[in-house]
Protein chains: 2
Amino acid sequence: MIKYADLSNQVYEQLKAMILSNQYEPGQKLLQEKIAAQLGVSRTPLHKAFQMLENEYLVESIPRRGIYVKKVDYNQIYDAFECREALESVAARRLAENHTSEQIDLLKGFFTPFMNANIDINVDKYRKADELFHKQIMIMSGNSILGRLEVISNILVRTYQKGLVRPVSETLHEHFEIIDAIATGNGDLAAEMIAKHSRAARANIQQMLSK
Amino acid sequence: MIKYADLSNQVYEQLKAMILSNQYEPGQKLLQEKIAAQLGVSRTPLHKAFQMLENEYLVESIPRRGIYVKKVDYNQIYDAFECREALESVAARRLAENHTSEQIDLLKGFFTPFMNANIDINVDKYRKADELFHKQIMIMSGNSILGRLEVISNILVRTYQKGLVRPVSETLHEHFEIIDAIATGNGDLAAEMIAKHSRAARANIQQMLSK
DNA sequence: TCGCTGTTTTTTGTATACAAAAGTATCAAT
DNA sequence: ATTGATACTTTTGTATACAAAAAACAGCGA
């Protein structure tokens with residue numbers, strides 16, 4: 001699939017990056033005219049971009065009022081993790097049952113940098129690796145739907161913003177356990193390992209909710 | 001949430017209904033000008049509507065070429081069912097663990113008409129009931145993401161078009177078994193029952209694929 | 001007949017224009 | 001000072017206008 005230099009898409013990418021990097025405040029209104037001027041385009045391609053963002057739960061459109069950056073509430077994060085747990089299990093199972101050694105290497109590659117450096121891990125880089133790892137499993141699963149459910153991956157990014165992360169000391173070796181399970185071809189095991197991984201994160205969120 | 005008389009939404013609803021009822025041929029190009037004229041609107045609100053439809057996998061946009069009604073291929077249906085199986089399990093588990101008797105009655109209500117009529121079941125009505133049943137479980141689960149994943153429910157509708165349905169004699173009592181499992185509050189059982197239900201449909205699709 | 005090339009037509013993507021709704025400010029009256 | 005009504009400004013939603021790309025077509029040559 002060839003990406004086209006379509007203005008709507010460029011605007012979408014730009015706004016998405018800005019929202020996910022917190023350059024827009026959650027709850028903030030996105031003024032069409034202003035953004036159009038900033039990006040040097042008219043309001044027309046913005047409409048499509050906003051619609052894309054709304055479908056990914058990144059903004060909310062209130063008709064005749066405007067577009068607002070979605071606030072991330074813990075309940076929704078919890079819900080997303082619940083979905084992610086189920087869907088990643090499907091993905092991991094499929095991938096375990098049908099993969100190449102190159103794919104395994106790719107997955108391992110995300111985390112090997114953090115294995116060697118036995119001191120001070122760059123947390124931002126680790127988060128990025130984590131994001132790519134989970135996204136990549138979905139894509140490589142071969143299930144055409146899984147690779148395109150942006151809702152799930154976006155929520156993960158926003159979770160990072162909230163600081164809802166487990167210590168690297170716990171997750172790093174879990175990631176390798178998941179990869180190993182996939183590599184052995186044991187679908188059930190791979191599904192269970194990744195579900196366990198997600199459940200632990202979900203437990204953290206539940207703690208936040210009960211406070 | 002109040003629905004607004006927004007042209008884009010009206011257009012979206014209209015086109016969605018037309019696609020799902022096969023009034024547009026799969027693969028057919030949707031000419032913007034023509035559709036705008038037919039619906040008596042300009043092309044501007046169409047853009048948003050098309051974007052919504054694309055997010056639900058009902059149309060496909062090829063930049064600079066046009067919008068095409070998505071062809072339903074068996075592989076994608078299979079993938080959707082795989083996702084549905086996982087997600088419905090989550091929904092059924094939640095609902096089992098937290099529901100009211102009114103919700104149970106609502107679910108039963110979808111199918112009681114077909115219990116009493118011990119002769120000739122109206123297949124179209126049964127399909128509609130099936131669609132609503134599965135959708136309703138997602139909504140009532142209380143998981144804010146599940147209720148809004150239109151991809152999954154759309155695919156189900158398109159599956160009907162392909163005639164990929166199991167006989168009523170099998171599915172009718174399965175539906176009641178699922179409801180009963182939910183009613184007893186046994187989350188694991190409810191999840192397993194609905195997963196089994198989905199798996200059987202998935203097996204049918206796999207048969208089609210292997211041909 | 002087929003295929004190539006240049007031209008015309010259609011269709012898309014984007015900008016601009018305009019009407020209606022929402023938001024804001026002003027000012028009078030209590 | 002606070003409230004309420006009215007005029008003014010901003011902002012949204014939609015229609016129209018225009019440029020550029022794609023598709024359709026016609027004419028020419030092998």
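Below, read A as the first sequence line, B as the second, and so on, with proteins coming before strands; counting in each chain starts at 1.
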Assign [X] to base, sugar-phosphate, or nothing according to its heavy-atom contacts below 4.0 angstrom with the strands shown.
{"X": "A:Arg43", "result": "base"}
{"X": "B:Lys48", "result": "nothing"}
{"X": "A:Lys34", "result": "nothing"}

Of A:Tyr68 and B:Glu33, the one whose closest DNA chain C nucleotide lies more 5': B:Glu33

5' precedence on DNA chain C between B:Thr44 and B:Lys29 (nearest-nucleotide basis):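 Closer to the 5' end of DNA chain C: B:Lys29.
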
Atom-pair distance ([atom1] on [X]; [atom2] on [N]), nearest Å:
{"X": "B:His47", "N": "C:dA15", "atom1": "NE2", "atom2": "P", "value": "12 Å"}
{"X": "A:Ile35", "N": "D:dT11", "atom1": "CD1", "atom2": "C1'", "value": "13 Å"}
{"X": "A:Leu7", "N": "D:dC18", "atom1": "CG", "atom2": "C1'", "value": "15 Å"}
{"X": "B:Phe50", "N": "C:dG13", "atom1": "CZ", "atom2": "P", "value": "10 Å"}
{"X": "B:Ile67", "N": "C:dT10", "atom1": "CD1", "atom2": "P", "value": "21 Å"}
{"X": "A:Ile62", "N": "D:dG13", "atom1": "CD1", "atom2": "P", "value": "11 Å"}
{"X": "A:Leu39", "N": "C:dA15", "atom1": "CG", "atom2": "C1'", "value": "15 Å"}

Geometric cation-pi criterion, B:Lys48 with B:Tyr12: 6.0 Å, 45°: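 No, B:Lys48 does not sit over the ring of B:Tyr12.
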
Cation over ring face, A:Lys108 and A:Phe176, 6.0 Å, 45°: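 Checked: cation-pi criterion not met.
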
Degree of bending, the helix from C:dT1-D:dA30 to C:dT30-D:dA1 (end axes from five pairs; round to 10°): 10°

Any side-chain donor near an acceptor of the partner, A:Thr171 and A:Tyr126, under 3.5 Å: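 Yes, because at least one side-chain N or O of A:Thr171 sits under 3.5 Å from a partner of the opposite role on A:Tyr126.
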
A:His197, A:Arg199, A:Lys196 screened by side chain to side chain contact (heavy atoms under 4.5 Å, CB included) with A:Glu85, the one that passes: A:Arg199

Donor-acceptor contact below 3.5 Å, side chain B:Asp79 vs main chain A:Ser144: yes

Donor-acceptor contact below 3.5 Å, side chain A:Ser153 vs main chain A:Glu150: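 It does hold such a pair.
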
[N] OP1/OP2 closer than 4.0 Å to side-chain N/O of [X]:
{"X": "B:Ser8", "N": "D:dG13", "answer": "no"}
{"X": "B:Arg65", "N": "D:dA23", "answer": "yes"}
{"X": "B:Gln32", "N": "C:dT10", "answer": "no"}

Nearest listed nucleotide, side chain of A:Ser42, among C:dT16, D:dT14, C:dG13: C:dT16

Selection from D:dT12, C:dG13, D:dG13 that lies nearest to any side-chain heavy atom of A:Asp6: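 Nearest listed nucleotide: C:dG13.
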
Any residue meeting ring pair (Phe, Tyr, Trp, His ring centres under 6.0 Å) with B:Tyr78, in chain and number order, not counting sequence neighbours: none

